[in-house]
Amino acid sequence: MKYFSLSYMLSEKDYSDYEKIVFKGSIIMSAKRMLIPFVLVVAMCIFMDVLFLISALTYFALSIIIPQFINREFSHKTRKNSKLLRRMMNIDFYDNHFVVSYEPNEYVRSHSEKHYGFDMVQNVLESAENIYFAFNDNSLLIIPKAILDSEKYNMISNLIANLFRNKYQRLG
């Protein structure tokens, strides 16, 4: 049984907002991963040489920051010029799954549809501008809050509270 539907087209800003969240999170995750080796090297360098300490600090800082800039799969420039992302998106909310479909336009003639069971939701993030549903297959559903009226926002909030309480995180 279908409860409600949303139709919208994502903007470049919606994607860039998510990239900022992921960029910040991945830097924090990398820093946490490098913390123990960093502390051990600093402890050794304190007893050895100041120049070696400076080079080790530089190495750790670069090993955390540089991969984040290199590993961007889909840059802003590529997305801005992409004709695939200029498609109307429809989301139907059912009792046990989402149906995300993309309508044909002047660039893409095919209609595509993907069903996501609620069991496929890995986590749900909510920022000031968007609600993000991340799925097990590494896909992402971005719902801009600007397109939601209060009734639909409350329905999505109830869905999150009832089904994804343990997977939900509010950002900022």
Side-chain angles (χ1 to χ4, degrees), residues 2-35 61 63-103 105 107-108 112-172:
K2 181 164 53 168
Y3 289 108
F4 68 99
S5 297
L6 299 172
S7 291
Y8 58 93
M9 192 177 303
L10 289 172
S11 68
E12 185 181 344
K13 183 183 179 318
D14 296 324
Y15 287 105
S16 63
D17 289 344
Y18 181 71
E19 280 185 351
K20 289 175 189 173
I21 293 167
V22 169
F23 183 74
K24 181 181 174 185
S26 59
I27 285 182
I28 291 170
M29 185 174 62
S30 296
K32 285 181 180 179
R33 195 177 313 138
M34 298 289 283
L35 184 64
S63 67
I64 291 171
I65 294 170
I66 288 179
Q68 303 307 319
F69 289 106
I70 294 173
N71 292 335
R72 297 227 172 168
E73 293 179 31
F74 204 58
S75 70
H76 295 291
K77 186 176 182 181
T78 306
R79 184 180 307 111
K80 188 175 184 179
N81 297 327
S82 174
K83 294 177 179 165
L84 289 174
L85 295 177
R86 297 182 197 153
R87 295 174 76 180
M88 184 58 74
M89 180 178 188
N90 298 317
I91 304 170
D92 298 320
F93 289 84
Y94 290 89
D95 56 349
N96 61 355
H97 70 288
F98 305 101
V99 177
V100 179
S101 58
Y102 293 93
E103 298 299 323
N105 62 12
Y107 305 111
V108 181
S112 65
E113 185 174 286
K114 178 82 175 173
H115 294 253
Y116 294 102
F118 289 157
D119 58 333
M120 289 183 65
V121 175
Q122 187 173 7
N123 61 22
V124 180
L125 303 173
E126 183 176 359
S127 69
E129 296 85 19
N130 300 312
I131 299 172
Y132 307 98
F133 287 90
F135 299 101
N136 291 340
D137 64 353
N138 290 327
S139 57
L140 179 72
L141 174 61
I142 301 173
I143 302 175
K145 288 183 179 179
I147 63 132
L148 299 173
D149 58 12
S150 63
E151 179 184 353
K152 289 184 179 177
Y153 178 76
N154 287 334
M155 292 176 88
I156 292 175
S157 295
N158 287 337
L159 176 75
I160 292 169
N162 291 327
L163 296 175
F164 308 118
R165 182 179 26 239
N166 297 335
K167 300 176 182 183
Y168 174 76
Q169 182 180 3
R170 183 159 181 83
L171 304 170

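Positions are given from 1 along the sequence.
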Measure the CG-OH distance between Asn96 and Tyr94 for me, rounded to the nearest 0.5 Å.
10.5 Å
With rounding to the nearest 0.5 angstrom, report the CD1 to OG distance, Ile91 to Ser5.
9.5 Å
Please report the shortest heavy-atom distance between Met9 and Arg87, naming the atom on each side.
CG-O, 3.5 Å
Tell me, yes or no, whether the heavy-atom count around Glu151 atom CD, taken from other residues, nucleotides or ligands under 6.0 Å, exceeds 12.
no
Would you say the rings of Phe93 and Phe4 are close, in the sense that their centroids are separated by under 6.0 Å?
yes
Note: Ile160 and Val124 closest approach over all heavy atoms is CD1-CG1, 3.7 Å
Side chains of Glu113 and Val100 in contact at under 4.5 Å (non-hydrogen atoms)
no
Nearest-0.5 Å distance that lies between atom CG in Asn138 and atom CD in Gln122
7.0 Å
Decide yes or no for Phe118 and Leu159: does some side-chain heavy atom of the first lie under 4.5 Å from some side-chain heavy atom of the second?
yes
When rounded to the nearest 0.5 Å, the distance separating NZ of Lys145 from CD of Glu126 is 3.5 Å
Pairwise distance CG(Asp137) to OH(Tyr116) - rounded to 0.5 angstrom
5.0 Å
Lys167 (side chain) donor-acceptor with Ala134 (main chain) under 3.5 angstrom
no
Do Ile147 and Tyr153 come close enough that some side-chain heavy atom pair is under 4.5 Å?
no
Is there a side-chain contact between Lys152 and Leu6 in this structure, where contact means two heavy atoms from C-beta onward sitting under 4.5 Å apart?
yes
For the pair Ser139 (side chain) and Phe135 (backbone), establish whether a donor and an acceptor sit closer than 3.5 Å, ignoring hydrogens and angles.
no
Given side chains that start at C-beta, do those of Met89 and Ile143 come closer than 4.5 Å, heavy atoms only?
no
With rounding to the nearest 0.5 angstrom, report the CG to CG distance, Asn158 to Leu163.
10.0 Å
